[in-house]
Each structure stands twice: as structure tokens, then as C-alpha cells.
Q: 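Below are the C-alpha cells for one structure; questions will follow.
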Amino acid sequence: MVAGPASSDLANNIAKRLGAQLTVAQLRIFSDGESKIKLDKVGKNCIIVQSTYQPTDTHLIQLMMMAKKCTDDGVEDICAVIPYLGYARQDRVFLEGEVVSIALVAKLFETVGIKHIVTVDIHSQLAMSYFASIQNVSSIPLLADHAYKMKLREPVAVSPDVGGTNRAKEFARHLKIDMVALKKSRDRVSGEVTIDEKLNTDISRRDVILIDDIISSGGSIIKAAEVLHKKGIGKIYAMCAHALLIGDAAQKIKSAGVQDIISTNSVPGEYAKVEISPAIVAALKSRY
Ligand code: R5P
């Protein structure tokens with residue numbers, strides 16, 4: 001197993017659980033931002049662990065460099081564990097002239113010899129459809145276990161958008177709690193988010209867990225928190241698989257009255273409180 005520079009701790013946790021030998025890829029970044037990877041020879045099969053959070057393009061090219069080196073060394077089966085798969089949100093042409101970026105990413109992976117991918121909570125089924133062989137691991141049971149231990153008051157799971165309904169339903173089912181999906185719309189040109197303030201369920205005085213796949217700028221969570229606070233709810237927590245939290249997003253989310261942000265360690269950082277390696281290892285064991 002190879003630990004990519006973006007996921008060294010997670011790779012270590014996965015290797016320990018699998019009982020696999022770990023090789024650490026050595027990285028040098030040049031002053032112009034280019035990456036250089038140095039990697040010892042590995043065996044006939046190889047698992048490379050590299051999440052592609054920001055800087056996404058840098059982490060992607062590093063992953064492809066590691067895969068290319070393995071291919072050149074004669075590795076027959078390269079499996080890439082990419083907990084956060086960047087570009088999955090650009091899974092279709094939203095505005096005329098746009099590139100379906102995730103389709104290009106899939107082609108690039110094939111070119112460097114990646115045979116199989118294991119990812120966590122990929123943004124959409126459509127994004128998944130561009131890959132010939134991919135396993136999508138759900139972080140929901142592990143996030144729900146964490147939420148259960150938080151001892152919240154009559155908690156309700158809330159999805160910030162209709163697209164996240166199934167995710168919030170699954171989360172609510174694990175916790176045996178209610179769920180509500182808000183109606184979010186995003187201006188495709190400005191990126192601005194608006195949320196319909198009408199709710200069909202009374203959730204006043206109840207604690208809320210906002211559940212999403214990705215928290216990036218924090219715009220969706222902040223808008224949802226503003227709407228929910230007007231309903232006289234209890235405390236709000238934000239949970240997600242991938243806390244990208246660009247710039248001061250975390251601070252802005254907390255200023256919007258969200259008590260805490262809880263994510264998996266697909267993206268390392270302060271809010272990566274849920275260890276995702278057990279779910280990844282279960283998926284890998286089903287393949288090997
Ligand atoms: C959108 O469909 C996704 O599920 C997330 O809600 C979105 O990517 C979050 O982005 P941001 O934090 O920038 O609003």
C-alpha cells in the first residue's frame with residue numbers, strides 16, 4: 001500500500017487495519033508549484049491512498065504520478081483509494097460550454113493504469129457512472145454513531161437541499177429520528193444560494209443536525225442555519241463526509257449559529273472527528 005502525500009495518516013490507519021505493508025511516497029514541491037514524486041517499487045498489486053481535496057489539481061497530479069510509477073514498475077492491479085474525489089460536482093453540463101470535468105478525471109485515471117477506485121460518499125450516481133470500476137463507501141453509519149453519542153434534544157436530521165434527501169433519510173434511519181429536506185437553489189452563474197423558508201414540519205425547540213456530503217464555502221450550511229434559526233429550533237450541528245472548509249468557512253458557519261462541524265477524516269483537519277478507515281477497509285476486504 002502506498003501513502004500519498006495528501007492522506008498519510010489515513011493511509012497509515014488503513015494499512016494497520018488491513019495488516020498491509022505501507023510505503024510512503026516522497027514529495028518535493030518546486031517553487032513554481034510543480035510536484036515531484038519518488039516512490040520505491042511495490043509488489044504486483046498496489047493500493048494508493050490519496051484524497052483530492054484542495055489544492056485539488058495538485059493532489060490529482062500527485063495521485064497520477066504515483067499510479068504511473070506503479071504501472072511503469074509492472075504493477076498489475078492498481079487500486080486508488082480516493083476518499084474525497086474532487087471534480088465529482090461537475091458531473092454534467094449545467095451551462096452551455098462547460099466541460100464534464102469528472103469524465104475527464106476518469107479518463108486520466110485509466111491512462112495511468114488505475115484499475116479500480118474506492119471513494120467515500122461520491123457527490124452523485126452520475127459522477128460514479130464515468131468510472132469502469134468503482135466502490136462508493138457510505139460514511140453515514142459512522143457519522144450517525146458519532147451523532148448518537150452527542151445526546152441531542154429530540155434531534156432531527158435536515159438536508160440543506162432536495163438532492164441530499166436520500167443521504168439525510170439514511171442518516172435519520174440509523175438514528176431512528178425524523179428528517180426534513182430544505183429546498184435550496186443555487187444561481188449557476190454567481191454561485192449564490194437561496195433556501196425556501198417554508199417548512200412542512202414543526203421542528204421548534206428541537207436540536208438539528210444538518211447533514212451534507214461536502215461543506216466547501218459553507219454557503220449552503222449558513223443559509224440553512226439562517227432559515228432554521230427563524231423556526232425557533234434548539235442547537236444546530238453540521239455533519240458531512242468531506243469538510244473542505246475553504247478559507248474562513250468554518251468561522252462563518254459558527255458565526256451563523258452552528259455549534260460545531262463534524263466530518264470524516266477524508267479531508268484532514270480540525271473538524272475531521274470521525275475515522276473513516278473502518279468503512280474503507282470493509283470495502284477493500286470485499287475486493288481482495
Ligand atoms: C451540493 O449539491 C453539495 O451537496 C453541497 O451542498 C455543496 O457542495 C456545499 O458547498 P458550499 O459549502 O460551498 O455551499
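In listed order, ligands and their atoms are each counted from 1. What you see below is based on every heavy atom in this structure, not just the backbone, and it leaves out hydrogens, waters and symmetry mates.
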Q: With a 4.5 Å heavy-atom cut-off, do Tyr148 and Leu175 have their side chains touching?
A: yes

Q: Starting from atom 14 (O) of ligand 1, locate the nearest protein heavy atom and write down its residue, its atom name and how far away it is, to 0.1 Å.
A: Ser220 OG, 2.6 Å

Q: Starting from atom 13 (O) of ligand 1, which protein heavy atom do you reach first, and at what distance in Å?
A: Ser217 OG, 2.5 Å

Q: Distance alone, cut at 3.5 Å: any donor-acceptor contact between the side chains of Ser35 and Gln62?
A: yes

Q: Counting from 1, what ligand 1 atoms have a heavy atom of His123 closer than 4.0 Å?
A: 1 (C), 2 (O), 3 (C), 4 (O)

Q: Nearest to atom 8 (O) of ligand 1, what protein heavy atom do you find, and at what distance?
A: Arg89 NH1, 2.8 Å

Q: Have Thr119 and Asn136 got a donor and an acceptor in their side chains that come within less than 3.5 Å?
A: no

Q: Check ligand 1 against Ile215 and write out every atom of the ligand that is under 4.0 Å from a heavy-atom position of the residue.
A: 12 (O)

Q: Within ligand 1, which atoms have a heavy atom of Gly218 less than 4.0 Å away?
A: 11 (P), 12 (O), 13 (O)

Q: Salt bridge (charged side-chain N to carboxylate O under 4.0 Å, His left out), that's the test. Do Lys273 and Asp260 meet it? Break it down for me.
A: CA-CA 11 Å; Lys273 296 167 187 164; Asp260 201 2; 2.8 Å; yes

Q: Just let me know how Arg167 lines up against ligand 1, side chain, backbone, both or neither, with a heavy-atom cut-off below 4.0 Å.
A: neither

Q: Which atoms of ligand 1 sit under 4.0 Å from any heavy atom of Asp213?
A: 3 (C), 4 (O), 5 (C)

Q: Does the side chain of Arg17 reach to within under 4.5 Å of the side chain of Ser277, using non-hydrogen atoms?
A: yes

Q: Any side-chain heavy atom of Asp73 sitting closer than 4.5 Å to one from Val42?
A: no

Q: Report the part of Asp161 (side chain from C-beta onward, or backbone N, CA, C, O) that has a heavy atom under 4.0 Å from ligand 1; answer both or neither where that applies.
A: side chain

Q: I need the minimum non-hydrogen distance between Asp207 and Arg153, along with the two atoms involved.
A: OD2-N, 2.7 Å

Q: A side-chain contact here means heavy atoms from C-beta on lying under 4.5 Å apart; do Ile47 and Val2 qualify?
A: no

Q: Near Lys184, which atoms of ligand 1 are under 4.0 Å from a heavy atom of that residue?
A: 1 (C), 6 (O)

Q: For ligand 1, which atoms, with element, lie under 4.0 Å from some heavy atom of Ile214?
A: 5 (C), 7 (C), 9 (C)

Q: Could you identify the single nearest non-hydrogen protein atom to atom 6 (O) of ligand 1 and state the distance to 0.1 Å?
A: Asp212 OD2, 2.6 Å

